[in-house]
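The structure appears below as structure tokens.
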Amino acid sequence: MKNTKAKNAALFGVMTALAFTFSYFESLIPFNFGIPGVKLGLANLVVVVALYIMKPSQAFAISIIRILLASLTFGNVYSLAYSLCGGLLSFIVMLAFKKSKLSIIGVSMLGGICHNIGQIIMAAIVMQTARIVYYLPVLLVAGLITGLLLGIVSKTVVNRFEKVKDTKIS
């Protein structure tokens with residue numbers, strides 16, 4: 001049982017590094033869906049997986065640390081504000097619905113949608129206009145699609161993680 005704390009710390013470190021790496025990787029790819037602000041959100045894959053294999057507080061910490069590191073490294077104050085608002089709303093909703101009978105794919109889709117809602121809220125505050133809400137339907141569809149894709153991958157990763165965790169090494 002002594003190894004449990006060490007294993008948890010190592011897993012936390014690996015997951016945080018992976019989320020940051022995915023953020024970096026995504027910043028290098030000129031992912032342009034023809035719609036400003038739409039990204040795949042690869043780092044959110046790590047947060048969804050962490051939500052299912054770790055304590056909620058650890059998954060939350062990974063999300064916040066990743067947002068802070070990525071914004072400070074590749075972004076600016078505005079990207080930090082948008083990402084924090086989107087990330088916080090997304091995490092809260094995913095945590096709430098994880099406890100329901102919704103599948104990991106459904107939770108991921110809600111997370112994608114809520115991340116975009118959070119960013120629209122921040123954009124309305126920063127731009128001091130509610131007109132930005134007209135852009136919300138486009139972002140909701142994008143969040144739904146990216147959440148679906150990330151949810152499918154998350155489900156596969158969590159299932160494989162559970163198989164490995166149950167395997168005894170002699």
Side-chain angles (χ1 to χ4, degrees), residues 1-29 31 39-119 121-122 143 145-170:
M1 289 292 173
K2 289 181 189 178
N3 289 338
T4 304
K5 282 188 177 183
K7 286 179 184 177
N8 285 340
L11 180 60
F12 180 82
V14 167
M15 295 292 276
T16 303
L18 188 58
F20 180 63
T21 302
F22 281 174
S23 291
Y24 175 67
F25 180 68
E26 194 166 40
S27 76
L28 296 176
I29 301 172
F31 242 21
K39 295 189 324 185
L40 189 53
L42 292 174
N44 294 326
L45 168 69
V46 178
V47 175
V48 173
V49 170
L51 193 57
Y52 281 84
I53 67 170
M54 302 173 82
K55 294 178 184 175
S57 59
Q58 292 172 313
F60 180 73
I62 289 168
S63 180
I64 297 302
I65 291 168
R66 192 268 314 163
I67 289 169
L68 291 172
L69 288 174
S71 295
L72 293 172
T73 307
F74 325 118
N76 54 42
V77 173
Y78 291 108
S79 63
L80 175 62
Y82 288 116
S83 293
L84 270 177
C85 194
L88 287 172
L89 182 60
S90 174
F91 188 85
I92 290 166
V93 170
M94 287 193 303
L95 180 61
F97 279 91
K98 177 190 176 245
K99 296 175 184 177
S100 73
K101 293 189 184 234
L102 201 58
S103 73
I104 190 170
I105 296 171
V107 167
S108 178
M109 291 169 72
L110 277 174
I113 289 168
C114 289
H115 189 86
N116 289 338
I117 290 171
Q119 289 187 326
I121 291 168
M122 182 53 68
I145 293 168
T146 59
L148 172 65
L149 296 173
L150 294 177
I152 292 168
V153 175
S154 296
K155 181 179 179 183
T156 303
V157 171
V158 168
N159 287 342
R160 289 188 183 177
F161 185 88
E162 293 300 323
K163 284 180 187 176
V164 170
K165 190 174 92 174
D166 293 338
T167 304
K168 300 282 185 198
I169 299 173
S170 12

Close side-chain approach of [X] to [Y], heavy-atom, < 4.5 Å:
{"X": "Met54", "Y": "Leu11", "value": "yes"}
{"X": "Val164", "Y": "Arg160", "value": "no"}
{"X": "Phe91", "Y": "Leu51", "value": "yes"}

Between [X] (side chain) and [Y] (backbone), is there a donor-acceptor pair under 3.5 Å?
{"X": "Thr156", "Y": "Ile152", "result": "yes"}
{"X": "Gln58", "Y": "Ala50", "result": "no"}
{"X": "Ser90", "Y": "Gly87", "result": "no"}

Atom OH of residue position Tyr78 - does it have more than 12 heavy atoms of other residues, nucleotides or ligands inside 6.0 Å?
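Not more than 12 within 6.0 Å, no.
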
Provide the closest heavy-atom pair for [X] versus [Y] in the form atom of the first, atom of the second, distance.
{"X": "Leu40", "Y": "Thr146", "result": "O-CB, 3.7 Å"}
{"X": "Gly111", "Y": "Met94", "result": "CA-CG, 3.5 Å"}
{"X": "Gly118", "Y": "Leu89", "result": "N-CD2, 3.7 Å"}
{"X": "Ala43", "Y": "Ala19", "result": "CB-O, 3.4 Å"}
{"X": "Ser154", "Y": "Leu45", "result": "OG-CD1, 3.1 Å"}
{"X": "Val49", "Y": "Met15", "result": "CG1-CE, 3.9 Å"}

Could you walk me through whether Tyr52 and Val107 satisfy the side-chain contact (heavy atoms from CB on, under 4.5 Å) test, starting with their C-alpha distance in whole Å, then the side-chain angles of each, then the deciding distance to 0.1 Å, before giving a yes or no?
CA-CA 11 Å; Tyr52 281 84; Val107 167; 3.2 Å; yes

With sequence neighbours left out, what residues match Thr16 under side-chain contact (heavy atoms from CB on, under 4.5 Å)?
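Thr16: side-chain contact (heavy atoms from CB on, under 4.5 Å) contacts with Phe12, Ile62, Ile65.
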
Can you tell me how far the [atom1] atom of [X] sits from the [atom2] atom of [Y], to the nearest 0.5 Å?
{"X": "Ser71", "Y": "Asn76", "atom1": "OG", "atom2": "CG", "value": "8.0 Å"}
{"X": "Leu68", "Y": "Phe20", "atom1": "CG", "atom2": "CZ", "value": "11.0 Å"}
{"X": "Cys85", "Y": "Leu80", "atom1": "SG", "atom2": "CG", "value": "11.0 Å"}
{"X": "Phe25", "Y": "Leu18", "atom1": "CZ", "atom2": "CG", "value": "12.0 Å"}
{"X": "Ser63", "Y": "Leu95", "atom1": "OG", "atom2": "CG", "value": "11.5 Å"}
{"X": "Ile105", "Y": "Lys155", "atom1": "CD1", "atom2": "NZ", "value": "5.0 Å"}

Carefully, step by step, assess Ile64 and Leu84 under the rule side-chain contact (heavy atoms from CB on, under 4.5 Å).
CA-CA 7 Å; Ile64 297 302; Leu84 270 177; 3.9 Å; yes

For Val153, the option from Leu150, Val157, Leu149 that meets side-chain contact (heavy atoms from CB on, under 4.5 Å):
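Among the candidates, only Val157 passes.
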
Audit row: Asn116, Gln119, side-chain contact (heavy atoms from CB on, under 4.5 Å) steps and yes/no
CA-CA 5 Å; Asn116 289 338; Gln119 289 187 326; 3.8 Å; yes

